[in-house]
Structure formats: structure tokens, C-alpha cells
Amino acid sequence: MREITFSQATLEAMAEEMRLDEDIIVMGEDIVRQGGIFGQFKGLPAEFGERIMDTPISETAIIGASVGAALAGLRPVADMHYADFLGVAMDEVFNQMAKIRYMFGGQTTVPMVIRAPDGLSLSAAAQHSQSIEAWFMNIPGLMVVTPSNPADAKGLLKSAIRDNNPVIYFENKILYKEKGPVPDGEYFVPIGKAKVAKEGSDITIVSYSIAMKKAYEVADLLAKDGINAEIIDLRTIVPYDKETILESVKKTHRLAIIHEAVKQGGVGSEIAAYVAEEAVEYLDAPIKRFGAPFTPVPFSPPLENAYRLNSEKIAKGLKDLF
Amino acid sequence: MREITFSQATLEAMAEEMRLDEDIIVMGEDIVRQGGIFGQFKGLPAEFGERIMDTPISETAIIGASVGAALAGLRPVADMHYADFLGVAMDEVFNQMAKIRYMFGGQTTVPMVIRAPDGLSLSAAAQHSQSIEAWFMNIPGLMVVTPSNPADAKGLLKSAIRDNNPVIYFENKILYKEKGPVPDGEYFVPIGKAKVAKEGSDITIVSYSIAMKKAYEVADLLAKDGINAEIIDLRTIVPYDKETILESVKKTHRLAIIHEAVKQGGVGSEIAAYVAEEAVEYLDAPIKRFGAPFTPVPFSPPLENAYRLNSEKIAKGLKDLF
Amino acid sequence: MRMVKYNKELLETFYYKMMKIRRFEETVERYFLDGEIPGFVHLYIGEEAIASGVCTSLTDEDYIASTHRGHGHTIAKGADLNQVMAEIFGKKTGSCKGKGGSMHIADFSVGMLGANGVVGGGFNLATGAALAIKVKKRTNVSVAFFGDGSSNRGTFHEALNMASAWKLPVIFVCENNQWASTTPYRTTTAVEDISIRAQGYNMPSKIVDGNDIFAVYEGFKEALEYVKAGNGPFFLEAKTYRIKGHFVGDPEMYRTKEEVNEIYVNNNPITRFEEEVLSEKLMTEEQLKKIREKVEIEIKEALNFALNSEYPDPSEIFDDLYV
Amino acid sequence: MRMVKYNKELLETFYYKMMKIRRFEETVERYFLDGEIPGFVHLYIGEEAIASGVCTSLTDEDYIASTHRGHGHTIAKGADLNQVMAEIFGKKTGSCKGKGGSMHIADFSVGMLGANGVVGGGFNLATGAALAIKVKKRTNVSVAFFGDGSSNRGTFHEALNMASAWKLPVIFVCENNQWASTTPYRTTTAVEDISIRAQGYNMPSKIVDGNDIFAVYEGFKEALEYVKAGNGPFFLEAKTYRIKGHFVGDPEMYRTKEEVNEIYVNNNPITRFEEEVLSEKLMTEEQLKKIREKVEIEIKEALNFALNSEYPDPSEIFDDLYV
Ligand SMILES: Cc1ncc(C[n+]2csc(CCOP(=O)(O)OP(=O)(O)O)c2C)c(N)n1
Ligand SMILES: Cc1ncc(C[n+]2csc(CCOP(=O)(O)OP(=O)(O)O)c2C)c(N)n1
Ligand SMILES: [Mg+2]
Ligand SMILES: [Mg+2]
């Protein structure tokens, strides 16, 4: 299979879908002239002209107008620049976008996608490094996807654009440059379905997005001790794939969840709670969650490093379960 | 002990603190002329004059200016009207208020309180009925309290106002009119400390705010079957009182969490995950979470009723654990 | 005389729309006070000339975004009255199947994109709908109704700037009813005329007497011409007054009954219309009466429809969340 | 001649502040490109006259709220240069102990309430600080520096309205540098002069040449007088140009080198100042040189301080979150 970057994979998804459907428009800050701050829109303006729009620095208008445009027949893709700025448009996201279909009794759909680049990068500090996907697990009406590699990035973005529900697409900033195999031809990665990324028998590691890299590292470290980890890539966090998780835990009898976001109140809490509710009798060990410490993201490299997930520490923590 | 309403208890807290400290100011929409939409500010304008301020309908300014005022020496209390509008000011809450102390290396404090009336009331529907406290568990830098009765309402509000950290004070709209015993004289309820509201031996029920009523009802129902429930009122959800929870679970070997907020990704997820991480070996049964279904709040009474917590159903679910 | 240019049909439409809203609101008020209507209700009484004067010039392919005070807009836009009434009663037959209620009334089939429980939530929705019109090269327009108080929300600013920068076909209609809940708008709003803010977006504006349906109609027509010519958005400010409490049940401790009554008697948009068309002999009392009777029948029918409809079944709670 | 009224001390302060910022930024740029400075860095080169012209009239008891482009404001407000430099290098000795970096530089000891990674995050902070000044009956002012692009944020609107409705002592200083990152501001901003928006808040405004420190200084003094007299806020727009890329490392594909160079050569606030004071014989080349030398020493010292300081210990990650 050909290898392309995550960023290119998203570009392919956008271009393919935009060619097929004229109703798709794209708006965001600084996406036209330089192709987006991470190059993820490069070339689209040349091909699609006015369908790619530079917005004012007005996040409520970016999301709110996208919702309005969706109600009037378009399929907007709105770029958030940084996921950290979702707070600016939070009312539009949770009180409008997420609720319109339901509170108006199904009269309409809100087919739109928010692209939200997230995660730690190099010392971008407290307001440009966050992963806030957990908030949206608690907000009915949205779908939330979190690709971890180029193939999923493309397949999930295409699914998100085609979906008639509002979707938040969290794309990790460090992943943009990562290369990986991407199928030729048209394909979709279904929303709501997790992937068993690596089969194993001794412990289930659930992860998503950039933390999948750690999951693999941890699995390798565990393998050295003869522990065979199964890795589940959630891909979608709302709705998350309960069946795949349960099935795996029933097989391995141990569970760990790894994400880059803050551990407390994170996605891992929901997954852990779900398993403790539905399959506690299968567990041979405590459920372990790994995520960021309970502080904002610090700037200085040594502090930021201390803030990051650490595969060795995780592996050590997991070995203790055996 | 004298009995006063929750609403009056908050009024006493405000008045007592404002008398002692001239730096406390209060701002919000519609609080001066009619005493707040739930009467929770009644009388304060008469006593404190210009220190109680009607704001424009500008939630980012209400929170943002409160933060700025806190940086310049005041101790603002900002009223959110409805917790549902926190989304409008979410950036101010999570990127400014919560982070300023940390990201500026402890140069300053941000002593302020956000009062956020939340929860279901009678058919207020999707945008005026929400309980969104779980989001803030995932945001380092805040303290979050959730009183369940008049005495705690007063004691926690006084603690919140005195605290030099930013505090979100979620006050349930239905509780305002509830009466309960409130101590005479000055007292404080410490932030971060849960209360064992009822001792028991067979199952631990963790709850807070309005759902505490359900916790008592459920305990009564369980008692009929000879099940003696211990009830923990969290009082504070950030930081939550891990010790009290663990201690109880180690005694009862069963755990349930009840809150009015959406179950998925709720506070219950974090509590359940924490126990599954730290004390799974003490559990004799699955951990049960009870919360709202995964939909926005519907308007029509029969739908809203179906949306509410139901003590019978919860009790039935818990009996199955034995 | 300014009214000679209005043909009979138009005059009838004006009166019909205004009366329909007025009688609808009076009916809702009564049933709310009787405890038959759940939730919050914000009445449009005294402001009927605005929605009616505006929506008369719109078709079902034009969009409106409304506010918490949305019944008037919904009715003026031509929504099915039975369904609107049933929704407010929380019935399964309501426009939103009972999921929305008064604060979330909507009828997408006539381009009514919804009331909004979030003050200022509609600015961006209307702007986005206008963007869709522009992208699809349609000739329609989008209208955002909004209150004086809501003009202090950041969304006002972001939407108006975007609409103007992108020259979108949207008309911002300010219903300046002097009050934002319990607060006289001037105490928290730095300007007397909200429309002066249009200058900050390079947008033309006009102030009209919002209790004079002819003035509203003319002002809106001017806006419509400007916008339809591709010039971008327009700002129309209609000066009016909120006759009823902020919501039904409001103790109204912040103003006197006299102040309100003064306006209700002397500046009532419906009475003014009646007096004007009668004194100008453009309509007869007989004609007006016929319209009132028609309205009465429709209101009664809507009420019966609502009262006789079933509540949704609890199981419907999970319907209509995702596609 | 307009400058005869400026005494030597003031002229020296102008030059000193501007040169200090310029040389600081050039130093930071070099070390950033060398990979020694982590994170994002937005340079203030070409805009020095604004922060310098404004802050010269402020004391440590006056507040400023800054932006992502905050070094100039911080230095002009009198922050300790060593600590500022160390912070940008991520050192423990930095003003924020290495937790903030360039985008979150702050020095509360001189009333500098922080840079802000959120564009438009400062409007409300400055307004709130002004509220505190008013409540405490102090005679100080608060200043919000902000970019042209940020004037499209809703926070701009909410803060300006609140400040005016409450007559708060705050001065909004717009640094209109023609660009919002890669976007020429006029393509997304509906007005040419941002300051026209002040009218929407009943607020006086003034436009000055932001590359002329005398104009900035005078304009700000006018604002200060107005505000200190208790009249409420004032809006000052300084026209300038962003000489460097949006951030260090910006490929700048959206404009030509010629366009930038033109302005750097012909409208450089520092060169303009030098030429003017020399030609007016208000300062000598000798005097200017002495100041430059002083600046050079301070920059070198700050750099050495930063380079020789330690990084924070990983364990410090948990410090300074809660009180
Ligand atoms: C974002 C938000 N803030 C506050 C409220 C509470 N609220 C509902 S209506 C209202 C007053 C609105 O005033 P205005 O915009 O003038 O409309 P009017 O009620 O006069 O029609 C307020 C403050 C809300 N619903 N949403
Ligand atoms: C809320 C928010 N939206 C977007 C950004 C990304 N961003 C950083 S600086 C910038 C441009 C700011 O332009 P302007 O306000 O004119 O300031 P300048 O950079 O020209 O000094 C943008 C869009 C941000 N940091 N915060
Ligand atoms: Mg009003
Ligand atoms: Mg700029």
C-alpha cells in the first residue's frame, strides 16, 4: 500500500468528497492563503475556489454559521484552528449544533463536521496543547471521532462528511506529519466501530489518537516480559464501541486505557466505569487509566516532558497487574 | 436548629461575607431589580448598593471581567443565570480563569466564584435544564462544589467566597425552595471533603446536589429489603474526596453513583473508574451508575418525567447486586 | 395618503397576521396561567407589527431565525397554527413532537429555523442560512429577529461582521422593546439606538416605528431591495415596547402598571392599524370583523387540536436524536 | 515644532523603550531560529512605537492586558528584562517560572496582567481590572492592547459595551498592523478603521499613526485625560504594519518581501524617531548612541541570565496550580 501522511490523507478525503458533493464548503481561519496552519488544507483553495473560505477570528460565527448553513442545505466543514478554541464556540456546539435536531423533534438534520486539531506539540503551552474530547462524551447529539493514523484519518473524515449528524473530528497535531499505509480507491471507516489493532490474550489496552503510539510501545515492552497485550483503537469516542471493548476484556481479564488528555474525568473514566459496570466479574486486576496529570500544560520542555505519557512508566504500572 | 430555604441560606452566606469584605462584588443579569430569577439575590442590592451589579447579556464579559477584577484585587461573585449559559463563557472559564495562576507561574491568584443554577426544572427544556458539572472535572485549575441542602449551601458558598482559587458553585434550581436545618452563627463547609450522610454497611451510594434526594429514597427502598445503604454526599466534585469514598467501599463492598446529569461521561464515570482502579478487589458486585439518558432534555412533561431519575428503578437495579 | 398604495389583500394580511398573533398569545397566556401549558412562555403582545410587517414580504424559501419570544415570528412566517399550539402544550402532534415547547418552537417547512432559548443564538444561524443562499446562488434572504438586550452578546458582533465581510443576504431585525427581562435596556446597553452599531460593520441601517406595521413593512422592503441587489446585509431597528411581563408569571416589580397601560392604550399596533384604516376609509369595520372572526375560528381550532392531542409516549424520548 | 515640548528625559525614554524592544525581539528571533527557544514566538518588530508611546504614561499601578504578541507590551510596561528573557527560554528564573513562555509572558508586579494565547482574551480582563479600579476608587487606568483581527471576536463587543455602560477607566488600544496571521485584515473585517466601531458603544475614538511615537504618545495622553476625568472608556487606533512573519518561522507565502521591505525602510518607527530628533536637533547622535549602548548591555545581560539559568525541575509541574 502507498504511504502518505496523515495530513495528506485528510486532504484526499476532503478533495474526494468535495468533488462529489457541491454542497460541501469549508471555513476557518487562515486556511486559504497558506493552506492551514498545519498545511491540512493545502491545494483545496486552488481546486475549489470560493468553497474554501477564510473567516474572521470569530469562532462563534464559524460554528454558528456552519450550523445555519447546514440547516439551509449545505454540508459545512468548519476548522477550529486549535481544539483549544472550541471553548469560544462552546454554546454553538452544545446548545445549537448538538441539540437542534432533537429539540425540534427531528424536523431537520445538521450535517456538518468540526475539525479540531488537538494535543501536545512542542511547548505550545497551556492554551494551545489541550485534548478536550472528554467533554463531548457528556453531550448528547454529537458524534466524536479521533483517528490515530493516516488510513483512519481519511476513512473517518469521509464518513464524517457523509454523515447527517454533526461530527467533531479531533485530529492530533503531531500526527499530521506521520506517514502510514493508505488504501487506494474509495473507502470509509465506519463511525462508532473500534478496531482491534493488535490481538492479544493477557490484557486489553484501549486507546485512540496519538496515544495509540504509546499503546504499541507499551505492548512491545510488555511482550518482553511475556505479556501479550490486545490493543483496541477506539477510533470513535461517541458513540464508543462497547461490544468490542467488552469482548476483549472478557478474553483478557485485564483493562488499561491510555489517552493524552487529562486523566481525571477523561474518556478513560467512562470506559473504565462501563467495564466496571458490565464486566467487573471478568476482571482479574484493577482497571488502570493513564492520562495527563491534573494541571494545565506547562511550557518549558522539561515540564512538558514530565507532562507527557511515558511508555516505560505505563508498562511498569501494567506489569504490576500480573 | 432553625429551618430556612436553600435560597435563603445562599443569601445569608453572601450577606455575611460581603459585610466582612468590601472587595466582594456581585454581578449578573437581572439580579438587582427583582433579586435574581430565583430570588437568590433578594435584599442584597438594598444592603450593598453598587456592589451588586446588573450586567449586559454578555456572558463572556461577566466571567472575563470577573477574572480581570480578581486580578486587580476584588473578589467577584458572578451569576450565570443558568448553568446552561456557561458554554457562552467557556473560553473565559477554562482558558483564563482556570489557567491564569498556573500558566503565569503562581504570580497571582484568581479569587472568584461562579454561581451556576442547574438541573431539571418543570419543562424548561433542552437549553435551560442541564447539569454540566462533569466537564469541569476534566479541567485542572478549578474547584467545583455542588451543595445538596441549605446548610451545605451556606457553608460551601462561604468557603467558596473565601477561597483564593476560582470556584464554580453549582446550585440546583429545584433545591432553592427546599427548607432544611441551618446552624446559627458562622460556619464553613470545607471544600474537598465529602460527608457520610447516612451510615450503612451493605452498599455505598455516592451522590450530590439534587440527586441526594433520590439517594435517600433509594436507601429507604433498599431498607425494606433489609439492605443497609451508606450514602456519601460528595459536596465537592473537584477535588473529590477519594478517601471517604474508598473507605466506605472497603466497608460495604458495593458502589453506586447517582446524579441527575447525563450518565455517559458524567461525574459517576470518574468515581467508578477511580474505585475500579484503586479498590476493585473489595468489590462484590458491579459498580452501578445512574444518571440521565443520552439525549438532550425534552420539553413535554411525560418525556421529561421519563428523563428523570427514578428511585424505584434505581432501587430495583441495586437489589439485583445482592 | 401613505396607504393608498396598499391593496386590499395586503391590508387584510397585515390585520390577519397581527390579530392571529395577538389572539394566539392571549389564549396561550390564559392556558398557561391555568396551569395547562408547561415550561416558560414569553409573549409577543404589543410587538405584532414587527413580525407581521416583515414576514409579509417573505416566502417559505426565505429563512428566519427567532428568539425565546418566538410565537409571533413563527405564526407570521406561516407555520401551521395547530401544530404550533400543540407544541406549546407539549403534545405529540406539535411541530417538534413535544420535544421543544414554546422556547423551541420551529417549523422548517416554512423556513422558520427555530426559536432559541439562548439569547443571541440566532444571529449566526441566520448568517449561515444566508451563506447557504449565496453559495447556492438562490435569490432568497435570511432574517434574524433579535431583542435589544441580545445586541450585547458577542454573537451579534461576530455574525454582523461576517455577514458584511462576506456580503451575505441577511437582514438583522432588532425588536427594541426597551426591556431585557427586568432590566431597562439603556442601563446595560451603551447606546440609545441599537442600529448605530451597524456602522461598525459598514452596514446600512434604518429605524422604524415598530408599532406601525406600515412603517415596518416599508422599512423591510427597503432592506429587502438592498439585500437582494447583492449589496450584503441590512440592519432594521423597530422601536416597540414589551407589553406583558418578560415571561408569563413575571411579578414585574421593575415597572409600574401605569407605564405599561399607557402604551397599551395609546400605542397598540393593532388598535393603531384599525384606527388608521378606518379613518382613511381603506377598510370597513365589517371587513375587520370578518378577519377577526376568521382568526377566532382558527385559534379555537388550534386550541381544540392541541387540547385533544395526545402527549408523546415516554418511549419517544430516544427518537430524533441521531439520524 | 511639535517636539519642542518634549523634554530630554521623555525623548530618551521613547528611544530607550523602542530600542529595547527592537533589540530584544531581534535577539529572540535569532535564538529561536537557532532552536534554543521553545514554543511559538510572535515578534513586535515594527510596532514598538505603540507599546512605548502608551506605557510611558503609565505607572506600575495601571494595568495592561496583552496579546499573543506580548513582548513589546511587557518590556514597555517595565517588566524585569532578565525574567522576561528567561521565561521565553523556558527557564526556572523566568517571570512565570517557565510555565508560560512567550505566549504567556506576564509580570503582575508592574501591572502587566499577561499575554494571552487566546486572541481577544484580553478585552474582558482589562475591563474587569478597570472595574476593580473604579470600585476601589483608585485613580488608575487599565489598557487593553489588541490586534485588528481580534476586533472581530465577540469579546471585543461584550467588553466595550460593558466598559462604556459602566463608564470604566479603560483604554482600548488597537494595533492595526494590517494582518491577522496570513489574512489581510480587510478581507475578513467589514470596516477599514476599526475605531469606527467605538460609535457602537458611545465611546470616543482617535486614530493615530502607530509608527510615530509622538502621535501615539499624544493620542494616548488625550485618552488618559478623558478617562481619568471619569468619562468612561476611550478607543485609540494605531495604524501600523507587521514587519515580521506572524510567528518566527512563518513562510509568509501571502505577501511579498518587497511590500514588507518598503515599509521597513520607509516607515520604521525607530528610524523615523531618529531622523526626526536629529533633524530637529532635539537629540544628538551621541545621545542616541549612548542609549543604544545601554540597551545592548541590558539585552546581553538578560540573554546571559536566561542562558545561564536552569530549567525547572520536572517535579515543579505540580506547583502553582491551586493556592
Ligand atoms: C445567553 C443567554 N443569557 C441570558 C439568558 C436569559 N434571558 C432570557 S431572555 C433575556 C432578556 C432578553 O432581552 P431581549 O434580547 O431584549 O429580548 P426580549 O426578551 O426583550 O424580547 C435574558 C437575559 C438567556 N436565555 N441566554
Ligand atoms: C480565539 C483564537 N482564535 C484564533 C487564534 C489563532 N491566532 C493567533 S494570532 C491570530 C491572528 C491575530 O491577529 P491580530 O489580532 O490582528 O493580531 P496580530 O497577530 O496582527 O498582532 C490568530 C488567528 C487564537 N490564538 N485564538
Ligand atoms: Mg428587549
Ligand atoms: Mg493584526
Side-chain angles (χ1 to χ4, degrees), chain C residues 118-125 127 130-131 146-168 170 172 174 176 180 183-205 207 227 231-235 237, chain D residues 118-125 127 130-131 146-168 170 172 174 176 180 183-205 207 227 231-235 237:
Chain C
V118 177
V119 167
F123 296 113
N124 287 314
L125 300 184
T127 299
L131 174 63
F146 65 100
D148 42 279
S150 77
S151 81
N152 296 323
R153 280 273 336 265
T155 49
F156 167 92
H157 183 68
E158 298 198 356
L160 269 74
N161 177 64
M162 181 183 272
S164 181
W166 290 358
K167 289 201 181 301
L168 302 180
V170 52
F172 296 97
C174 179
N176 186 343
T183 309
Y185 85 105
R186 278 298 271 129
T187 62
T188 54
T189 305
V191 289
E192 178 69 25
D193 298 327
I194 310 291
S195 49
I196 199 178
R197 293 184 167 170
Q199 294 180 28
Y201 315 103
N202 220 347
M203 199 187 295
S205 68
I207 297 176
V227 168
N231 295 308
F234 193 99
F235 193 118
E237 176 173 6
Chain D
V118 178
V119 167
F123 295 114
N124 286 314
L125 301 183
T127 299
L131 173 64
F146 65 101
D148 43 278
S150 77
S151 81
N152 296 323
R153 280 274 336 264
T155 48
F156 168 92
H157 182 67
E158 298 200 355
L160 270 72
N161 177 64
M162 181 182 271
S164 182
W166 291 358
K167 289 199 178 303
L168 302 180
V170 52
F172 296 97
C174 179
N176 187 342
T183 309
Y185 85 106
R186 277 300 270 128
T187 61
T188 54
T189 305
V191 290
E192 177 70 25
D193 298 327
I194 310 291
S195 48
I196 198 178
R197 296 186 163 168
Q199 295 181 26
Y201 315 102
N202 220 346
M203 199 186 295
S205 68
I207 297 175
V227 168
N231 295 308
F234 193 99
F235 193 117
E237 176 172 5

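Side chains included, hydrogens not; waters and symmetry mates left out as well; all remaining heavy atoms used.
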With only heavy atoms counted, which part of D:Arg153 is less than 4.5 Å from chain C, the side chain, the backbone, both or neither?
both
For C:Ser151, is there any backbone N or O sitting under 3.5 Å from a side-chain donor or acceptor partner on D:His157?
yes
Would you find a donor on one side and an acceptor on the other, under 3.5 Å apart, between the side chain of C:Asn161 and the backbone of D:Asn152?
no
Chain C contact residues among residues 193-201 of chain D, heavy-atom distance under 4.5 Å:
D:Ile196, D:Arg197, D:Gln199, D:Gly200, D:Tyr201
Heavy-atom closest pair, residues C:Ala190 and D:Ala165:
CB-N, 4.0 Å
